[in-house]
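Written out below as structure tokens is the structure these notes cover.
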Amino acid sequence: MKSFDFASSERKWKKQWEKEKIFEIKTSSFSSNRSKNKYVLDMFPYPSGEGLHVGHVEGYTASDIVSRFYRMRGYNVLHPMGWDAFGLPAENYAIKHKIHPEIVVKKNVANFKKQLKNLGFSYDWSREINTTDPDYYKWTQWIFLQLFKDGLAYEKEVSVNWCPSCKTVLSDEEAEGGVCARCSTKVQRRELKQWMLKITAYADKLIEGLDSLNWPQRVKTMQKNWIGKSEGATIRFSIISPIDADFNADKRGNDTKKNQSSGSRESEFVEIFTTRPDTIFGATYLVVAPEHKIISDLKSSIKNFDEVQKYVKKSKNKSDQERISEIKNKTGVELKGIKAINPATGKEISIWVADYVLPYYGTGAIMAVPAHDQRDWDFAKKFNLPIIFVISPDGKNVIDDKVYEEDGVLISSGKFNGQKNREAIPTITDFVKGKKEIQFKLRDWIFSRQRYWGEPIPLVFCEHCAAQVNAYKVRTNMEDNQRKSASNPRKSAEFSKGEILNPGWIAIEEKDLPLKLPKVKSYQPTGSLSSPLAGIKNWVNVKCPHCGNAAKRETNTMPQWAGSCWYYLRYIDPKNSQKIIDIKKEKSFMPVDLYIGGVEHAVLHLLYARFWHRFLFDKKIVKDPEPFFRLVNQGLILGTDGEKMSKSRGNVANPDDVINEFGADTLRMYEMFMGPLEDSKPWNTKGILGISRFLNRVWFLYQKHFNSKSKKSDSQKVNSDFENRFNQSLKKITEDIENLRFNTAISALMILSKELEALDSFPKEHAQKFILALSPFAPFISESIWRDVLKNKKSTLLSKWPEYDLKKSSVKIVKIAVQFNGKTRGVMDFKSGVAKEEVLKSIKNNDKLGNYFSGNEIQRVIFVPDRIINILF
RNA sequence: GCUCGGGUGGCGGAAUGGUAUACGCGAAGGACUUAAAAUCCUUUGAUCGCAAGGUCGUGUGGGUUCGAGUCCCACCCCGAGCACCA
């Protein structure tokens, strides 16, 4: 007998499946009830020149098994694939080889697609999408326009990573360690105008939405921490300087009144944010961030302004690494000549500038309570600042040799003494006239890149409209200040919220989408902080769609993440040229039932996509607020050395090599057999042999019983004990697939195959069922056996999943463990449901086990039906 | 520092509180073969014992329970993520 010819089986069925179009979903599915449908989605790949990685194969095999399983169980399964093809690698390749990224992408996509098909993945290629396809990015641009029109996109100066050698802006990932990933030049910080998306407007909703999702807890926690919601209060500390100490002493009682007399001073108070108003009696100094406006406002009152300015400059140039190394060794400078008043105690406290206070969080200023905050403690110890303890564990004893961050009872806190600190928060907040406030760590999303290979941002800048909008703004402000009239005739109402928010920026008309990326001569960034698009004069210069005057296009492009924010929607309605998606179709497949991909996207792609989806939900374009109901992260596949695979380590496993040597089925099954899907696990080429042997044994088993020369094995009876084990195995395989426990499902298949090998005759019913159960894991060999050996007409994929029937086996034998005083001494077979007394009798009569009774009196017997008996003496 | 995961044979890993080490790899021995590969069979946690059998054993130390890899407490180690967020 010849062993299984993987290569020819793969060739044959790939062609046949394509011809039969068995992977294509029925169009009627898109009008059918949601409960009849399943949406099984992979994170689509970036089609790199390297080709498919074993990590891709792992996640894609898992989703393919699930897709095939659900199809066999009668669901309409949407299982699509596409390409996330905008981004740096293609652009860098273009710069180096002077080849248009489009050509590179095309080549890489073709290669990826070939590899995916070689693995037998059941993708419906008729729904393939590509983020760089104008018919696709038309809608990416369209969503951006909706965000813009709703005032959720705005322009702002932000600090970016800049490589002076490559003359380009770098992402944080490209600037890791403070050096350019491409040329190793030291990265600088630059202020640059960027488009921002107001993801912070959705901060609360993005936290709340997590509750309803079946996601790994760690991803939920990561998102929650990333958004970082804190409830606290803002509290004003008034400022005094020697010049007007009298005035401030006077106004301490009613500091809400506006100070008109002090023209030279802008700041009269510092507003701080704290989550711990209960500790305010222990606030012994204030700290402001280097960027805080009080420093320039009170320039003339700050005696050591030169020193302060020097410190501010130095902190701004600090790299992330320098900042982190200072966590334990804090730096700062006192603002001499000015003081703040602690509103709780009325006492004067000093004001410091230090870069451990972040400018973009809260108000950029804090009250320091060194007794009860580690960071403040470190700072106070270094600069010898006063420390006052206001919380004691029990209201009497004070731990004062180190910071005390636990809860307890208030002391040295005036009329609040004796209260539990947490409970006193609301009353103390009121007492110091604080305002309750919620803060988030999440910051708005920087949405522009000074790059060529991305979606053009569909906006133009028009000087004429800028003037109009600014005039309109002045007018409406005046109106607002005078009297708000209900019938206010807003003459410039034809400007959208976004256009008013960003004077001069005008949305291009939706009928002009897609705004296609023009061809350029050089992809090299210009060095003038703008993208290569800025050099194409006839593309940049346009007529303003609003007023018809001369205008210029935005030349920045969207970031890599934009296209992947909504691709899962487009698969449902990929050819719709009128709408982004038909909501009726959307309703029958969203939200995604199962989304499989790497954990590295926990806070970027998955958060951005939820943000956009939530926005589309608010715009009533989709009917569900969350896009991905169940998320599973496949674990990393490590090299044979247990280290992360990388070219430099030389430990990268290549899927093509395995396919050539052992076949696609072997690769698929091996990757599923390595361990739990979500665990990281090392690659082991020896382990592949085990799977290869298993599949060959299956092949020989069917050859032996069913090839044309052998006698018919049909209509043979098997004993009920076998029947029972067979059904138990099917049950285990079914449940394991449902729970994505593919490693144990494969174990069950292996055990079952041994049982089948032991049979003298092989009933066709069992032969059929076993192959169907194997088919989601190993589709090629299964198809060969199913159609060529067992002579079935239709594909395994179109056949019914083998259901298990536990009733079929009437007599069930169970193994009961026998314990004496909790120690297992033997195992005996019984009929299922056997009574305790009968078991006890059998044990007493047993040659071996019976001896344990001699000289002992039974005190107690614990009996768990069908499982265990424990006899205590 | 904080937040999650996780520590089980030589290795990857199985175990609704109920026979710990399923399944696979590796190793050893054997069969087939002139020989090798492939394939098949047997053995394979440690330890004592000729054997029957005993003792120990899931990172460490305690606890709950008739019974703990699994539950509780404390600690040690490894991995991942976040990192001065007031």
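Quick note on labels: first sequence line is chain A, next is B, and so on, each numbered from 1.
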The side chain of [X] is closest to which nucleotide in this list: [options]?
| X | options | result |
| --- | --- | --- |
| T274(A) | C23(B), A86(B), C84(B) | A86(B) |
| N225(A) | G12(B), U3(B), U19(B) | U3(B) |
| A817(A) | C25(B), U19(B), A86(B) | U19(B) |
| V827(A) | C25(B), A22(B), U19(B) | U19(B) |
| R218(A) | U19(B), C4(B), U39(B) | C4(B) |
| R825(A) | G54(B), G12(B), C82(B) | G54(B) |
| K681(A) | U3(B), G12(B), C23(B) | G12(B) |
| T824(A) | C84(B), U19(B), C25(B) | U19(B) |

Rounded distance (Å) that lies between atom [atom2] of [N] and atom [atom1] of [X]:
| X | N | atom1 | atom2 | value |
| --- | --- | --- | --- | --- |
| I746(A) | C25(B) | CD1 | P | 13 Å |
| E405(A) | A86(B) | CD | C1' | 11 Å |
| K732(A) | C23(B) | NZ | P | 13 Å |
| E643(A) | A80(B) | CD | C1' | 14 Å |
| K754(A) | U42(B) | NZ | P | 9 Å |
| L701(A) | C40(B) | CG | P | 12 Å |
| L689(A) | A37(B) | CG | C1' | 12 Å |
| Q223(A) | U3(B) | CD | C1' | 15 Å |

Span that lies between the [atom1] atom of [M] and that of [N], in whole angstrom:
| N | M | atom1 | answer |
| --- | --- | --- | --- |
| U42(B) | U8(B) | C1' | 26 Å |
| U43(B) | C48(B) | P | 22 Å |
| U70(B) | A15(B) | C1' | 9 Å |
| C2(B) | C66(B) | C1' | 42 Å |
| C71(B) | G7(B) | P | 11 Å |
| U44(B) | G24(B) | C1' | 15 Å |
| U58(B) | A20(B) | C1' | 7 Å |
| U65(B) | G54(B) | P | 27 Å |

Scan every strand shown for a Watson-Crick or G-U wobble partner of [N], both distances under 3.5 Å, and answer none if you come up empty.
| N | result |
| --- | --- |
| G81(B) | C2(B) |
| A86(B) | none |
| U39(B) | A31(B) |
| G57(B) | none |

Pick base, sugar-phosphate or nothing for [X], based on heavy-atom distances below 4.0 Å to the nucleic acid.
| X | result |
| --- | --- |
| Y852(A) | sugar-phosphate |
| K441(A) | base |
| I862(A) | base |
| D679(A) | nothing |
| R443(A) | nothing |
| P216(A) | nothing |
| Q819(A) | base |

Can the ring centroids of F379(A) and Y285(A) be said to lie less than 6.0 angstrom from one another?
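Ring-ring flag for F379(A)/Y285(A): true, centres closer than 6.0 Å.
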Y702(A) and F700(A) aromatic centres sub-6.0 Å:
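Judged by ring-centre distance (under 6.0 Å), Y702(A) and F700(A) do not meet the cut-off.
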Need to verify one output field. Residue with the more 5' nearest nucleotide on RNA chain B, K644(A) or Q439(A)?
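Whichever sits nearer the 5' end wins; that is K644(A).
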Among I199(A), T200(A), D204(A), side chain to side chain contact (heavy atoms under 4.5 Å, CB included) partner for F440(A)
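Looking at I199(A), T200(A), D204(A), the match for F440(A) under the side chain to side chain contact (heavy atoms under 4.5 Å, CB included) is D204(A).
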Decide if atom NZ of K436(A) counts as having more than 12 heavy atoms of other residues, nucleotides or ligands within a radius under 6.0 Å.
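12 or below, so no.
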Indicate yes or no for a side-chain donor-acceptor contact from [X] to the backbone of [Y] under 3.5 Å, with no hydrogens or angles considered.
| X | Y | value |
| --- | --- | --- |
| N633(A) | I596(A) | no |
| Y670(A) | N684(A) | yes |
| K330(A) | D376(A) | no |
| R610(A) | L206(A) | yes |
| N743(A) | F673(A) | no |

Within 45 degrees of the axis of the six-membered ring of F853(A) and under 6.0 Å from its centre: does K844(A) put its NZ or CZ there?
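Yes; both conditions hold, so K844(A) lies above the ring face of F853(A).
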OP1, OP2 of U39(B) versus side-chain N and O of R697(A): anything below 4.0 Å?
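No.
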Using OP1 and OP2 only, check whether a side-chain N or O of R860(A) sits under 4.0 Å from C66(B).
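Affirmative; the distance criterion is met.
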Does K330(A) get its side chain close enough to the base of C84(B), under 3.5 Å, for a donor-acceptor pair?
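Under the 3.5 Å cut-off, the side chain and the base do form a donor-acceptor pair.
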Where does G63(B) land, syn or anti, given syn is within 90° of 0?
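Judged by the O4'-C1' to base torsion, G63(B) sits in anti, the angle falling more than 90° away from 0.
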With a 4.0 Å heavy-atom cut-off, tell me which residues in residues 863-873 of chain A come close to RNA chain B, sorted by residue number.
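Correct list: V864(A), R867(A), I868(A), N870(A), L872(A).
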Is D278(A) salt-bridged to R422(A), cutoff N-O under 4.0 Å?
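Here D278(A) does not pair with R422(A) in a salt bridge, since their nearest N and O are not under 4.0 Å apart.
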